[in-house]
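See below for the structure under consideration.
Here is how names work: the chains are called A, B, and so on, in the same order as the sequence lines, proteins then strands, and each is numbered from 1.
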There are 2 protein chains.
Amino acid sequence: MQLERQLRKAGFRVTRARRVVAAALATAGRPLSPAEVLAAARRGHPGLGRATVYRTLNLLVRVGLVVPRPGPGGVRYSLASEGMHRLVCRNCGAERLLADCPAGGLAEELARRYGFQVEGHLLEFYGLCPDCRRRAKP
Amino acid sequence: MQLERQLRKAGFRVTRARRVVAAALATAGRPLSPAEVLAAARRGHPGLGRATVYRTLNLLVRVGLVVPRPGPGGVRYSLASEGMHRLVCRNCGAERLLADCPAGGLAEELARRYGFQVEGHLLEFYGLCPDCRRRAKP
DNA sequence: AGTTAGTTGAGACATTGTATCATTTAGGGT
DNA sequence: ACCCTAAATGATACAATGTCTCAACTAACT
């Protein structure tokens, strides 16, 4: 399992809380706010604490498994493996996933140039969705 | 001025608070947290209120002038015109700006395909900076 | 199974963001 | 230049969000 490897490699333990938080993000299939993660994760672990969710989300970000994303109404988290290419409406926050991306091949180039170990990327286009566009017309 | 046009076009007023907040972001040259914006903006407008900063940042995002960016320690805001291509370390949050980008030409394609009016984009590569990379070695 | 350091949950606390409302102000009309 | 009005502001109270501490628990090594 991805989660287990990533945690172990970085010297962290694989705990129930961490498994259940990762699972919540995986099954949701969309970015979740910390509060939503807590609610979802409690279905598989009723006693889960709020502080632990925050701690775990931060940890999963550091470990590279999860990516934080801003939006109207606060930050949301999603698995780093899904939906890294999207259109997002700056007005209403609507999102639309893109199939794929023209930036894939740059990883080695960047590693060479900056000594950065690139593991993933996020490509977002900002603008207005069809609805907001129409509404903003006049 | 960019600010004035963008606000007027969307039917909002151009006020002292808005000017001073935008100026704070412009002169900072790096993403600022709301608290930092407040502090910076108060230099040019001592009586500025906290609530107004939040209101203004959200407004400038909706209007497309400012972009929110998550990171260790909360969301930060920067002008949409600067630094939209970067390397960011998932561990310590260090950033490195990139000169330019391979995704520029996609705007029309996306407009055609999805009816989206693309105004800008964000391309971020995630991974480990040289320092964190070394430290994570063992 | 025993040991121990990493992790957790509860709750207090601090910080950050929002709603309300009286007062001020931008900016169009006259 | 001066009104007029709706939009915007600042203060305050409030709600939500995130952090810290610490005793209890547990993953994982032996």
Side-chain angles (χ1 to χ4, degrees), chain A residues 1 3-24 31-63 65-66 68-77 93 138, chain B residues 1 3-24 31-63 65-66 68-77 93 138:
Chain A
M1 199 195 210
L3 172 70
E4 205 155 322
R5 275 199 306 109
Q6 300 275 71
L7 286 176
R8 287 241 161 75
K9 188 174 59 180
F12 297 106
R13 294 187 180 172
V14 180
T15 68
R16 186 170 173 206
R18 287 168 188 171
R19 258 182 275 117
V20 86
V21 164
L32 297 181
S33 69
E36 291 171 322
V37 172
L38 179 59
R42 271 187 172 158
R43 279 198 269 285
H45 185 177
L48 182 64
R50 201 157 53 98
T52 300
V53 169
Y54 286 105
R55 283 189 288 234
T56 302
L57 287 173
N58 287 336
L59 180 69
L60 296 183
V61 169
R62 290 174 72 93
V63 158
L65 216 87
V66 163
R69 314 190 46 256
V75 181
R76 292 188 149 64
Y77 296 83
Chain B
M1 198 197 215
L3 172 70
E4 206 155 321
R5 275 200 304 111
Q6 300 274 72
L7 286 175
R8 288 241 162 74
K9 189 174 59 177
F12 297 106
R13 292 184 181 176
V14 180
T15 69
R16 185 167 173 209
R18 288 168 188 170
R19 259 182 274 116
V20 86
V21 164
L32 297 182
S33 68
E36 291 171 322
V37 171
L38 178 59
R42 271 187 172 159
R43 279 199 268 284
H45 185 176
L48 182 64
R50 201 157 54 95
T52 300
V53 169
Y54 285 105
R55 283 189 287 235
T56 302
L57 286 173
N58 287 335
L59 180 70
L60 295 183
V61 169
R62 291 175 70 94
V63 159
L65 215 87
V66 163
R69 313 191 47 256
V75 181
R76 291 188 150 63
Y77 296 82

Sort me out a list of protein N/O and nucleotides 26-30 of chain D N/O pairs below 3.5 Å, or just none if empty.
| unit_1 | atom_1 | unit_2 | atom_2 | d |
| --- | --- | --- | --- | --- |
| D/dA27 | N3 | A/R13 | NH1 | 3.1 |
| D/dA28 | OP1 | A/R8 | NH2 | 2.9 |
| D/dA28 | OP1 | A/V14 | N | 3.1 |
| D/dA28 | OP2 | A/R8 | NH2 | 3.2 |

Response to the item:
Here the gap from B/L57 atom CG to B/L38 atom CG, rounded to the nearest 0.5 Å, amounts to 10.0 Å

Worksheet item: Between the axis at one end of the helix from C/dA1-D/dT30 to C/dT30-D/dA1 and the axis at the other (five pairs apiece), what's the angle to 10 degrees?
Response: 60°

Worksheet item: How far apart are the closest heavy atoms of A/A41 and A/L48, and which atoms are they?
Response: CB-CD2, 3.5 Å

Worksheet item: Using a heavy-atom cut-off of 4.0 Å to chain B, what are the terminal contacting nucleotides of DNA chain C, in 5' to 3' order?
Response: C/dT16 to C/dG27

Item to complete: Using a 4.0 Å heavy-atom cut-off across all strands, classify B/G74 as base, sugar-phosphate, or nothing.
Response: nothing

Discussion item. Are A/L7 and A/L59 packed together at the side-chain level, in the sense that at least one heavy-atom pair is separated by less than 4.5 angstrom?
Written reply: yes

Item to complete: State, to 0.1 Å, how close B/L3 and B/R18 come at their nearest heavy-atom pair, and which atoms those are.
Response: CD2-O, 4.0 Å

Worksheet, complete the sentence: Closest non-hydrogen contact found for B/A24 with B/V37 is CB-O, 4.4 Å

Is there any protein nitrogen or oxygen under 3.5 Å from a nitrogen or oxygen in nucleotides 17-21 of chain D, and what are the pairs?
| unit_1 | atom_1 | unit_2 | atom_2 | d |
| --- | --- | --- | --- | --- |
| D/dG18 | OP2 | A/Y54 | OH | 2.5 |
| D/dG18 | N7 | A/R50 | NH1 | 2.8 |
| D/dG18 | O6 | A/R50 | NH2 | 3.1 |

Worksheet entry | Minimum-distance pair of heavy atoms, taken over all atoms of B/P68 and A/P70 | O-CG, 3.2 Å

Discussion item. So, using side-chain hydrogen bond (donor to acceptor under 3.5 Å, both in side chains) as the criterion, who are the partners of A/R16 when residues are at least two apart?
Written reply: none

Worksheet entry | side chain to side chain contact (heavy atoms under 4.5 Å, CB included) between A/Y77 and A/N58, worked out | CA-CA 10 Å; A/Y77 296 83; A/N58 287 336; 4.3 Å; yes

Practice prompt. Name all pairs fulfilling the side-chain hydrogen bond (donor to acceptor under 3.5 Å, both in side chains) condition that reach into residues 32-52 of chain B, sequence neighbours left out, sorted by first residue then second.
Written response: B/S33-B/E36, B/T52-B/R55

